[in-house]
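Notes follow once the structure below has been shown.
In what follows, chains are A, B, ... by sequence order, proteins preceding strands, each numbered from 1. What you see is a predicted model, and the numbers here were worked out from it, not measured in a lab.
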2 protein chains.
Amino acid sequence: MTEQPEAQDTAAAHYDVSRYPRPSVTVDLVIFTIGEGQLRALLVQRGQWPFAGMWALPGGFVHLDEAIHAAARRELGEETGLAGGDIYLEQLYTFGEPDRDPRTRVITVAYFALLPADVSRRLQPGSDAAAVRWFSVYDLPELAFDHQRIIAVALSRLRSKLDWTPIAFRLLPEQFTMTQLRNLYSIILDRALDKQNFSKRMLHSRTPVIEAVPNAHLTGAHRPAQLYRFVQEGRYEWGATGGDGP
Amino acid sequence: MTEQPEAQDTAAAHYDVSRYPRPSVTVDLVIFTIGEGQLRALLVQRGQWPFAGMWALPGGFVHLDEAIHAAARRELGEETGLAGGDIYLEQLYTFGEPDRDPRTRVITVAYFALLPADVSRRLQPGSDAAAVRWFSVYDLPELAFDHQRIIAVALSRLRSKLDWTPIAFRLLPEQFTMTQLRNLYSIILDRALDKQNFSKRMLHSRTPVIEAVPNAHLTGAHRPAQLYRFVQEGRYEWGATGGDGP
DNA sequence: CCAAAAGTGTTATGCTTACACCCATGC
DNA sequence: GCATGGGTGTAAGCATAACACTTTTGG
């Protein structure tokens, strides 16, 4: 029977539910951003047992009166100082091996977030002088708990979503050049991409996803580059952003 | 800080972890099968408050010393009588709105399972004369909790995985005709599929996924149909079956 | 003038789609 | 022999991949 431990019917069954031993439930966040030509994730250094001194994903407990996605967004805000709900946040997977935390049984619902490059650059990670740092996902330190695996799963999800959802734009400023966009894909997919074919795919696809910003050009050391913006053509199907669920 | 509620460091922090209020954690199962030309899901009728008399997904508590995927597989065995680990089982999503269960805070990790048509046909659902039944996913009764939504998410996941993973074969017997396979896709995707093009896609794809069984034909009312089988060409990348994780 | 980066065009390939057609069996 | 479902073939269209080329700026 649903919600019943041993498929037993008892008259007082609706009181039993709270008598069973309960695990702790946390959320852990894989916060991605693009910085200095690298895909980076935000990590915090642990101050105490277990895994004292090691780096770990930001996270925390889910409050009893709080939705899981709300806990994830709260943690995101606490960790980055970004209050707005405009940061991409998606539930990743739930990890719950009995021995993943030596203290007690802890089940963690992992989320991943995407910070636009310009946002994370303005950010003061660890403004309280705490040990909070961006790490390249291809050069991670030894991680606490099963966080290595969580990041691997997050990276895998990010990669696979890259070419069938417009998720990439959540890592870029509102306006960007074609080269920036291509570099983003190149960094995440970890392989070279043909300049022209990439551009064609983006601009001349059946349902166009980006459009040129009129009279907007990025002036730099060489020929000015056209600026593009993402176009949401009537609400795109995102994975899961604001609410709780896909 | 990870695993800490308020990002505070205290000396006795490793004792604090178990003092915080903890939610109950369950697993709920969306068990799919193909029966009588329909995509069906297994439901159980609730005997008590809350939602007494209504239909719900099979599920139960995660034991404290038990991995989540182990709990899901245990429930699958209890509900279907199938002990083997050869049934496809994949973590779907974690639902945890504070009010989704009127008894107390219950977070549920939803899984979906795929039963081959021949297996579910041999099955005695509700052998203990309990109210356990297969329902067409396109004609569901009113459901308890947020189970309607869980099924919707499961169906969506099943559909999207259909054409980039060999997940369909987990719903068919080991050998099947091309028409059976096409009907399966047709039922799940809820649209007609061209006979020849479907066959071509299956047989002449770059990495072939099925192969003809030599000298095996299904004899019926008309021309005998070739039997095919799935070919795993060196361990395919499944979503998540046995272990815990994608 | 020249290096560097932006942007354009052309061809080949391969998968998908839409159809038209033949084959084998039971009644 | 004929209805029914199983199986094969072909041509058009679209998207991608590979690659050579022109344009525009700053120094």
Just call it for A:Thr179: base, sugar-phosphate, or nothing, with non-hydrogen atoms closer than 4.0 Å on any strand.
->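 Contact class for A:Thr179: sugar-phosphate only.
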Sugar-phosphate only, base, or nothing, as touched by A:Gln196 at under 4.0 Å among non-hydrogen atoms = base
Please report the distance, rounded to the nearest Å, between [atom1] in [X] and [atom2] in [N].
| X | N | atom1 | atom2 | value |
| --- | --- | --- | --- | --- |
| B:Gln226 | C:dA24 | CD | C1' | 14 Å |
| B:Met202 | D:dG7 | CE | P | 15 Å |
| B:Asp194 | C:dA18 | CG | P | 8 Å |
| B:Asn197 | D:dA12 | CG | P | 16 Å |
| B:Phe198 | D:dG9 | CZ | C1' | 19 Å |
| A:His217 | C:dG7 | NE2 | C1' | 11 Å |

For residues A:Phe198 and A:Asp194, determine if any side-chain heavy atom of one lies less than 4.5 Å from a side-chain heavy atom of the other.
-> no
Below 4.5 Å, heavy atoms only, C-beta onward: do B:Glu79 and B:Leu42 meet side chain to side chain?
-> yes
For nucleotides 24-27 of chain D, list the nitrogen or oxygen atoms of the protein found under 3.5 Å from its nitrogen or oxygen atoms, one pair per line.
| from | atom 1 | to | atom 2 | distance (Å) |
| --- | --- | --- | --- | --- |
| D:dG26 | O4' | A:Ala221 | O | 2.7 |

Using the closest heavy atom to pick a nucleotide of DNA chain D for each, name whichever of A:Ser205 or B:Met178 lands nearer the 5' end.
->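 Final value for this comparison: B:Met178.
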5' precedence on DNA chain D between B:Lys200 and B:Thr177 (nearest-nucleotide basis) |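 Comparing both residues, the 5'-ward one is B:Thr177.
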Give me the ring orientation class for B:Phe176 and B:Phe169: parallel if the planes are under 30° apart, tilted from 30 to 60°, perpendicular past 60°.
-> tilted
Taking N and O atoms by type only, does the side chain of B:Lys195 place a donor or acceptor under 3.5 Å from a partner on the base of D:dG5?
-> no
